[in-house]
Structure formats: C-alpha cells, structure tokens
Protein chains: 2
Amino acid sequence: MAYFTERAVTVADKTFFQFRKDIVEGAIKPGSKLNETELSTKYAVGRSVIREAINRLESCHLVERKANIGARVVALTPEGLRELYQVRESLEGMAARLAAKNMTDQEITDLNSLLNTHFQEVKTGDSYYQEAGDLDFHYRIILGSKNSHLISMLINGIYHLVRMYRVQLGMAGPRVATAFDEHKHIVQAISNRDEELAEMLMRRHISYSKNNIETKLAGY
Amino acid sequence: MAYFTERAVTVADKTFFQFRKDIVEGAIKPGSKLNETELSTKYAVGRSVIREAINRLESCHLVERKANIGARVVALTPEGLRELYQVRESLEGMAARLAAKNMTDQEITDLNSLLNTHFQEVKTGDSYYQEAGDLDFHYRIILGSKNSHLISMLINGIYHLVRMYRVQLGMAGPRVATAFDEHKHIVQAISNRDEELAEMLMRRHISYSKNNIETKLAGY
DNA sequence: ACCCCTTAGATTGTCGACAAAATTGCTTAA
DNA sequence: TTAAGCAATTTTGTCGACAATCTAAGGGGT
C-alpha cells in the first residue's frame with residue numbers, strides 16, 4: 001500500500017518507529033515529559049534503546065531535550081505550524097521542480113496510475129486519501145527529486161511533524177476533492193517537464209493546505 | 001569572535017564537537033571506517049558516548065551507518081557537492097529573504113559593522129575572512145530568518161558538511177574580494193527590506209561559490 | 001510569613017559486561 | 001584450484017549498575 005516503508009532491522013529501530021507513531025498520533029501527549037526508565041519498562045527495552053530513540057526524535061523536531069533535565073514532546077502552536085509550513089513550501093516546491101527534471105518516464109507513469117487509484121477512492125470514500133494517499137503522493141515526488149539531502153530533510157526531518165499537526169489538529173472534509181485536483185495538475189506539469197510550473201503549483205498546493213489548517217485553528 | 005557558539009555541557013557534547021571537528025577538517029579521512037571501541041579509547045570515553053556521537057554525526061550527513069555493520073565517514077564527490085549546494089542555495093536564499101523581513105534594525109546595524117570589520121581584514125590578510133568570517137556572516141543571516149526549522153536544518157544539518165567540502169577540497173584565493181562585495185550587496189538589500197532582491201543575491205552568491213569550488217575539482 | 005540552605009529522592013549521564021551478528025581465515029570436498 | 005562450509009575472532013547491539021546532576025521537601029533563621 002504505502003510506497004515508502006522504513007525497514008526496522010534492530011530493536012532500537014522498532015522501538016523508535018513505535019515511539020514516533022505514539023507521539024505523532026497523540027497517544028503520548030504534546031508537551032508531556034518523557035521519563036526514560038518509565039518508557040523503558042513501557043516498551044520493554046533497555047534504557048539505552050530509549051535514549052537513542054529520544055535522540056532520533058529530537059533530530060526530527062518531535063521532542064526537545066535539555067541536558068541533565070530531560071526531554072518533552074513538542075507543543076503544537078499556530079506559530080510552530082506557520083514556521084513548519086514555510087519551510088515545507090520551499091522544500092517541497094523545490095522537490096517538485098527537481099522531480100519534473102529528474103523523474104524517469106516510468107516513474108511518472110507510475111505516479112499517474114497512483115493518481116487514478118486515488119480517484120476511485122475519492123469517489124467512494126474519503127478516508128484513505130487524506131491519510132496514506134496524500135502522503136504517498138508527496139513521498140513519490142520527494143523521492144523523484146533524486147537529491148538525497150532534500151529527501152532526508154523532508155522524510156527523516158519535517159514530515160512526521162507535519163503529520164502530527166494534521167492528525168492532531170484535524171484535517172479532512174471538503175478539501176479532499178480540491179486537493180486531488182491540485183495533485184492532478186502537479187503531475188501534469190511534471191509530465192510536461194515544466195519545472196517552474198511544477199514548483200509553483202506545489203507551493204500553492206501546500207499554501208492552500210496551510211490555510212485550511214489555520215482556519216480550523218480557531219484559537220489564533 | 002565567532003558569533004554562534006554551541007555550548008558543550010556534557011561529556012557526550014564535548015566528544016561530539018571534537019569528533020565532528022576531526023571529520024570536517026580531515027583528521028579522520030573521508031570513507032574511513034569508524035570502529036567504536038577504537039574511538040572510545042582514542043577519545044577516552046565510554047562506548048555509549050561514541051555511539052551517541054556517531055548517531056548525531058549521521059543526522060548531519062557526516063557519516064553513514066549500516067545496522068550491524070558499522071559507520072563510515074562520508075566520501076566527498078562532485079555529485080555530492082552538487083546536491084549539497086543545490087539545497088543550500090534554496091535554503092539560504094530563503095533565509096536571506098526572511099532575514100530581510102524579520103531582522104531587527106539593531107541586528108542589521110550589527111551585521112553592517114561586522115562587515116566593516118571584515119573589510120579591514122580583507123585588506124590586510126585574507127586568511128580570517130574565508131574561515132570564521134564568512135561563516136559568521138552566513139550564520140547571522142540564517143539566525144536572522146527567525147525560523148527555527150530553517151535554522152536547525154542549516155546549522156545542525158548541512159553546514160558542517162559544507163565546511164568539510166570547503167576545508168578539504170580547498171577554497172580560497174582571488175575570490176575573497178569578490179565574495180566580500182557580494183556580502184555587501186546582500187546586506188544592502190536586507191537593510192532596504194528588499195526581500196526578493198536579498199534572496200536573489202544570496203542564491204547567486206552561493207551559486208558563484210559552487211562554481212568556484214567545482215573548477216578546483218579538476219577530476220570532474 | 002518568607003526566604004535560603006540542607007538533605008533526600010528521583011532522573012539523567014556514563015560506563016563496562018554480556019549477547020547477537022558479521023567478518024575472517026581455515027579446512028575439506030569436488 | 002576453487003568454492004563452500006565451519007570455527008574463531010572481531011564488531012556492533014542491548015542491558016543494567018554506578019556516578020553526577022537536578023528537583024522537591026523540610027527545617028531554621030530573619
């Protein structure tokens with residue numbers, strides 16, 4: 001189903017993935033303190049595994065750690081959302097431009113058929129699309145940029161924080177159909193190898209998405 | 001002297017900073033394997049401290065780790081340089097634009113006087129400028145963007161890899177004066193709060209810088 | 001009543017031991 | 001001679017113990 005899957009080879013990996021999931025989906029609440037010994041019993045692993053996981057989570061801005069004091073899950077704020085989407089717009093815009101240049105014809109074909117799959121699902125029920133579907137679409141374009149630094153910054157970096165905002169602050173409803181059209185136009189631009197248009201459409205797409213979330217944040 | 005200094009409060013911090021320095025400056029050679037027990041005796045710390053350092057180095061793309069196999073220092077390649085500067089141009093361009101918008105008048109004044117200091121040093125001897133001076137200039141603009149994600153991606157992320165390329169593949173000579181002029185124009189644009197010009201000049205500045213390094217890479 | 005200092009408890013930082021996995025080198029069979 | 005399999009060694013992964021630091025609670029002085 002999901003196009004991009006991370007491989008968990010070691011216990012530390014598995015723990016990190018589960019831990020991250022729990023934070024992104026809110027099972028561990030934003031702002032809460034992370035006690036290492038507590039977590040080590042909860043996940044049934046040694047404390048060093050927990051420490052490594054916390055370090056990794058810090059790298060992707062999901063927790064904040066202070067020396068000798070401890071780590072807390074990040075808080076979700078309107079200002080944080082703004083900063084996040086500001087860089088996301090720039091980076092994913094760049095990814096779209098590079099994808100228009102660097103994706104193979106085969107990859108573009110696959111992307112088109114992915115979109116057709118999504119179209120069926122948008123018509124029937126909206127649930128899938130907003131979750132894995134949307135992520136899948138963006139992932140493919142990010143990977144299509146073929147720039148390893150860009151890919152790492154987005155996928156290991158900010159993407160899970162983006163998901164955290166979306167999952168916990170709600171993001172669904174009537175925008176589904178609109179967003180799908182935007183995806184279609186982006187892929188069209190990529191098919192035409194129109195780098196500048198692809199970037200522009202992607203930036204606009206993300207900007208719309210931000211506005212959509214912001215309006216849902218009544219407390220502004 | 002240097003504007004942005006990281007505070008080392010713990011042994012793991014100190015070890016990480018020294019370790020990173022050794023890699024960036026080539027004391028530990030690109031491509032070499034990192035043996036944890038060896039390093040733990042070399043730096044006179046426990047192995048867990050070394051492991052944490054390696055994890056951190058992996059986050060900023062200075063080493064590559066494979067599970068159950070080990071970590072190696074990254075290799076410096078023309079292709080890697082190209083990818084790196086591609087994202088650097090985009091991110092620092094963005095930083096310049098945001099700095100033009102968000103820096104306080106006081107910060108801009110300070111930036112101007114920093115430039116005057118550099119001017120004296122450029123006239124007398126070139127050494128300082130290309131090292132700390134240039135970094136200092138870029139750091140201030142990055143911090144001036146006031147976007148924490150952007151700051152973290154650049155300073156904790158790619159900046160040390162940029163330095164590694166510059167230090168190890170050589171980067172000095174007649175470009176010093178040119179680069180200084182470019183810095184001056186960028187600050188001018190920021191003073192005028194001309195966001196688009198600031199971004200454009202910064203991107204061009206970095207692009208020139210890349211060309212300068214690439215021509216020094218005879219093996220192309 | 002308030003503040004500072006001391007002390008006890010809890011939490012993080014660092015270390016080396018043991019377990020699991022990979023690498024190396026030797027032996028043996030085709 | 002080569003290749004495959006096994007054994008020994010090295011290296012990484014995981015764990016819990018001990019040390020250093022922070023936090024909280026209580027007592028004494030003003």
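Order of the sequence lines sets the chain letters (A, B, ...), proteins ahead of strands, with each chain counted from 1.
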- Message: Does A:R20 form a salt bridge (Lys or Arg N to Asp or Glu O under 4.0 Å) with A:E6? I'd like the steps, not just the answer.
- Response: CA-CA 13 Å; A:R20 187 179 63 189; A:E6 291 159 304; 2.6 Å; yes

- Strictly below 4.0 Å, heavy-atom distances to any atom of DNA chain C: list the hits from residues 9-16 of chain B, or just say none. B:T10, B:V11, B:A12

- Phosphate-side-chain proximity, B:K33 and D:dT12, N/O vs OP1/OP2 below 4.0 Å: yes

- So, with a heavy-atom separation below 4.0 Å from DNA chain C, the residues of residues 36-45 of chain B are B:V45

- Query: What is the distance from CZ of A:R65 to C1' of C:dT11, rounded to the nearest Å?
  - Reply: 12 Å

- Apply side chain to side chain donor-acceptor pair (under 3.5 Å) to A:R97 and list each qualifying residue two or more places apart in sequence or on a separate chain. A:E199

- Heavy-atom donor-acceptor pair, A:T117 side chain to A:S113 backbone, under 3.5 Å: yes

- Ring geometry between B:F19 and B:Y43 (parallel below 30°, tilted from 30 to 60°, perpendicular above 60°): tilted

- Mind telling me whether B:Y159 and B:Y139 have parallel, tilted or perpendicular rings, with 30° and 60° as the class edges? perpendicular

- Item | Sorted by number, the residues of residues 46-58 of chain A with heavy-atom contact under 4.0 Å to DNA chain C | A:R47, A:R51

- Quick one: does B:D22's side chain have a donor or acceptor within less than 3.5 Å of a partner on B:A27's backbone? no

- Quick one: side chain to side chain donor-acceptor pair (under 3.5 Å) partners of B:N35, sequence neighbours excluded? B:T37

- Item | Selection residues 64-76 of chain B - residue pairs positive for salt bridge (charged side-chain N to carboxylate O under 4.0 Å, His left out), sequence neighbours left out | B:E36-B:R65

- Contacts of type salt bridge (Lys or Arg N to Asp or Glu O under 4.0 Å), residue A:K146, not counting sequence neighbours: A:E107

- Message: So, using salt bridge (Lys or Arg N to Asp or Glu O under 4.0 Å) as the criterion, who are the partners of A:E38 when residues are at least two apart?
- Response: none

- Quick one: A:N35 CG to C:dG9 P, roughly how many Å, whole number? 18 Å

- Sequence neighbours excluded, the answer for salt bridge (Lys or Arg N to Asp or Glu O under 4.0 Å) partners of A:K33 is none

Restricting to nitrogen or oxygen on both sides, can you table the protein-nucleotides 20-23 of chain C pairs closer than 3.5 Å?
none

- Message: Restricting to side chain to side chain donor-acceptor pair (under 3.5 Å), what partner residues turn up for A:D105, sequence neighbours left out?
- Response: A:R193

- Query: How would you list, by chain and number, every residue that makes a salt bridge (Lys or Arg N to Asp or Glu O under 4.0 Å) with B:E89, sequence neighbours excluded?
  - Reply: B:R203

